[in-house]
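Position 1 is the first residue of the sequence, and the numbers go up from there.
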Amino acid sequence: REGMLGIHRHSVSALQFAAPQLRSDKDFVIEAVRVNGRALEYASAALKADAAVVKEAVQQNWAALRSAASELRDDQSIVEAAMRE
């Protein structure tokens with residue numbers, strides 16, 4: 001887990017190659033999106049629909065909003081967080 005996060009810091013696509021368990025691990029994904037919000041693209045569907053995870057991602061990079069679950073793309077607090085980035 002720690003090794004994958006170290007790799008992830010150098011490449012957003014590293015999460016793409018992480019084990020499904022890591023892509024579904026909320027703590028791991030939050031750490032990853034804090035480094036690069038666009039990593040949300042490779043998170044599990046459940047975490048793309050998790051407001052806390054999405055908010056962390058869009059605070060780091062507004063473009064992460066594209067990877068959020070559709071119901072969160074219209075969420076005012078998520079959109080406002082993205083606009084503050």
Side-chain angles (χ1 to χ4, degrees):
R1 179 179 174 174
E2 287 76 25
M4 282 301 297
L5 189 59
I7 292 168
H8 183 72
R9 287 188 173 128
H10 300 289
S11 171
V12 68
S13 63
L15 191 57
Q16 177 183 11
F17 303 108
Q21 298 91 327
L22 288 178
R23 288 186 272 137
S24 296
D25 181 313
K26 185 173 180 173
D27 293 331
F28 179 80
V29 172
I30 285 177
E31 289 178 44
V33 299
R34 283 180 178 162
V35 173
N36 189 328
R38 295 185 66 198
L40 183 65
E41 178 180 351
Y42 302 109
S44 68
L47 293 181
K48 289 178 182 182
D50 184 301
V53 173
V54 173
K55 190 174 266 189
E56 289 286 346
V58 300
Q59 286 173 334
Q60 199 286 323
N61 186 325
W62 68 268
L65 191 58
R66 295 180 192 140
S67 297
S70 59
E71 63 269 16
L72 291 180
R73 287 185 218 139
D74 295 327
D75 182 290
Q76 185 174 353
S77 67
I78 300 291
V79 173
E80 286 175 359
M83 292 173 60
R84 285 192 293 267
E85 186 272 317

If every non-hydrogen atom of Gly37 is compared with every non-hydrogen atom of Gln60, which pair is closest and at what distance? N-OE1, 2.6 Å
Closest heavy-atom pair, Ala82 versus Leu65, reported as atoms and distance to 0.1 Å, is CB-CD2, 4.5 Å
Residues forming a salt bridge (charged side-chain N to carboxylate O under 4.0 Å, His left out) with Arg73, sequence neighbours excluded: none
The reported gap from OG in Ser67 to CZ in Arg38 (rounded to nearest 0.5 angstrom) is 8.0 Å
Derivation of the side-chain hydrogen bond (donor to acceptor under 3.5 Å, both in side chains) call for Glu80 and Gln76: CA-CA 6 Å; Glu80 286 175 359; Gln76 185 174 353; 2.9 Å; yes
Can you tell me how far apart CG (Asp50) and CD (Glu56) are? Round to the nearest 0.5 Å. 10.5 Å
For Val33 and Leu40 the tightest heavy-atom approach is CG1-N, 3.7 Å
Is it the case that the side chain of Lys55 and the backbone of Ala81 share a donor-acceptor pair, with hydrogens and angles ignored and the cut-off at 3.5 Å? no
I need the minimum non-hydrogen distance between Val53 and Ile30, along with the two atoms involved. CG2-CG1, 3.9 Å
Please name the pair of heavy atoms, one in Tyr42 and one in Arg23, separated by the smallest distance, quoted to 0.1 Å. O-CD, 3.0 Å
Just how far is it from atom OG of Ser44 to atom CD of Gln21, taken to the nearest 0.5 Å? 11.5 Å
Side chain to side chain donor-acceptor pair (under 3.5 Å) partners for Ser24, two or more places apart: none
If you compare all heavy atoms of Ala64 against all heavy atoms of Ala57, which two are closest, and at what distance to 0.1 Å? CB-CB, 3.7 Å
Output the distance between atom CG (Asn61) and atom CZ (Arg66), rounded to the nearest 0.5 Å. 8.5 Å
